[in-house]
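One structure is given here, and the rest of the page talks about it.
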Amino acid sequence: MLFKAIPKTILLFCLISVLLPVVILLIWSFADNWPWPALLPAAFSFRALHELFGGYSGALQVLFSSIFISVAVALASLLISIPAARAVALYDFHGKNVFKFIILLPVIVPATAFAMGIQVLFIRLGLSDTVFGVIIAQTILCLPYTMKIMADVTEAAGNKLESQARVLGASPLQTFRHITLPLMMPGIIAAGSMAYIVSFSQYFLTFLIGGGNVITFSMLMFPYIQSGDRTIASAYSVLFIVSSLLVFVLFEKMLKKYYRLNDIYFFS
């Protein structure tokens, strides 16, 4: 009985560890004064709601713009990572290990050095201070994560089922649709989610490449965190978490719909 209760205890501990900070952030979003060591705020205020939804801050408009940028970065990262990961996982070619190392450079090199170096290049190419430039820069930063996830998924799945489908007369398009895509879909969702999180939380890279012309949600939130305004910072943080969760729920719904339409894997 004791051993059966341990997993439930661990699960309860993890659940409390995740939900408790969110609850505190939610309370701080309405707190006007919360002195230590009081368990509840001494006074409440709707100042944070006016900041987010009052219209003068433009928080919602920036939020939707940030979601668009992060989704674009996730899609671009996947479009590059899927064929590259298949090449790395399934084929041997000259310079394969060097290619793997180059892919990891945006993570190995300090973010400040990477951002300042790429900014010089983008100024010369005319991509600085543009949304397109921010998307490209963030995509480069996300590629190591998406490449690693997709390479591991591709190595685990292999290409035996694809070969069998081709032998049985399936066309390349049919093989990709009914074999390759369903097998890689969990990895695609995981890699896309990782790219979205990395992109949505970027501050310094977006600030440097965007030059102040491209404003994202993290750029609005970060000054309040630095200034110590816990009420506004907590409200931005809650909206940050909720918007990210809604995007992930949408991804999950799309995944379930995909498998429902195609049945499980390649049996459709």
CD1 of I232 to OG of S237, rounded to nearest 0.5 Å, is 11.0 Å
Starting at CD1 of I118, measure out to CD1 of I136 and round the result to the nearest 0.5 Å. 8.5 Å
Here the side chain to side chain donor-acceptor pair (under 3.5 Å) pairs for residues 121-139, sequence neighbours left out, are Q138-S199, Q138-T206
Excluding sequence neighbours, so at least two apart, what forms side chain to side chain contact (heavy atoms under 4.5 Å, CB included) with V22? I241
Is the shortest heavy-atom distance from the side chain of C142 to the side chain of M194 under 4.5 Å? no
CG on L78 to CD1 on I149, rounded to 0.5 Å: 9.0 Å
Residues sharing L15's hydrophobic cluster, by side-chain heavy-atom contacts under 4.5 Å among ILVMFWY, directly or via others? L19
Pairs in or reaching into residues 59-85: which pass salt bridge (Lys or Arg N to Asp or Glu O under 4.0 Å), with residues at least two apart or in two chains? none
Is it true that L143 and V88 fall in one hydrophobic cluster, defined by side-chain heavy atoms closer than 4.5 Å? no
Transitively linked via ILVMFWY side-chain contacts under 4.5 Å: I123 with F207? no
Around Q61, counting heavy atoms of other residues, nucleotides and ligands shown, do more than 12 lie under 6.0 Å from its CD? no
By the ring-ring contact (aromatic ring centres under 6.0 Å, His included) test, which pairs, at least two apart or in different chains, include something from residues 10-33? W28-W34
Could you give the side-chain donor-acceptor pairs of residues 209-220 under 3.5 Å, partners two or more places apart or in another chain?
| unit_1 | atom_1 | unit_2 | atom_2 | d |
| --- | --- | --- | --- | --- |
| T216 | OG1 | S218 | OG | 3.3 |
| S218 | OG | Q202 | O | 2.5 |

Side-chain heavy-atom pair I188, L181 within 4.5 angstrom cut-off: yes
Closest non-hydrogen atoms of A165 and I179, given as atom of the first, atom of the second and distance, are CB-CG1, 4.0 Å
Distance, nearest 0.5 Å, that separates CZ of F222 from CZ of F204: 10.5 Å
Distance col, row T154:OG1 vs I82:CD1, nearest 0.5 angstrom, shows 8.5 Å
Could you list the residues that satisfy side chain to side chain contact (heavy atoms under 4.5 Å, CB included) with I108, not counting sequence neighbours? F101, L104
Could you give all pairs that pass the ring-ring contact (aromatic ring centres under 6.0 Å, His included) test and reach residues 117-166, with sequence neighbours left out? none
Path from L79 to L183 over hydrophobic side-chain contacts below 4.5 Å: no
Going only through I, L, V, M, F, W and Y residues with side-chain contacts under 4.5 Å, is there a path from V247 to L245? yes
Holding to side chain to side chain contact (heavy atoms under 4.5 Å, CB included), I want the full list of residues that pass it with A151, two or more places apart in sequence or in another chain. A85
What pairs with Q174 under side chain to side chain contact (heavy atoms under 4.5 Å, CB included), at least two apart in sequence or on another chain? A170, S171, H178
Heavy-atom check, side chain of V62 versus side chain of S66, under 4.5 Å: yes
Which residues pass the ring pair (Phe, Tyr, Trp, His ring centres under 6.0 Å) test with Y196, sequence neighbours left out? F200, F248
Is the shortest heavy-atom distance from the side chain of M147 to the side chain of S77 under 4.5 Å? no
Closest approach of P186 to P182 (non-hydrogen atoms, all atoms of both residues): CD-O, 3.6 Å
Taken to the nearest 0.5 Å, the spacing of I27 CD1 from R230 CZ works out to 13.5 Å
N/O donor-acceptor pair under 3.5 Å between S243 side chain and F240 backbone: yes
Contacts satisfying side chain to side chain donor-acceptor pair (under 3.5 Å) that involve residues 78-90 (not counting sequence neighbours) are S81-T146, R86-E162
In terms of hydrophobic clusters joined by side-chain contacts under 4.5 Å, are I80 and F176 together? no
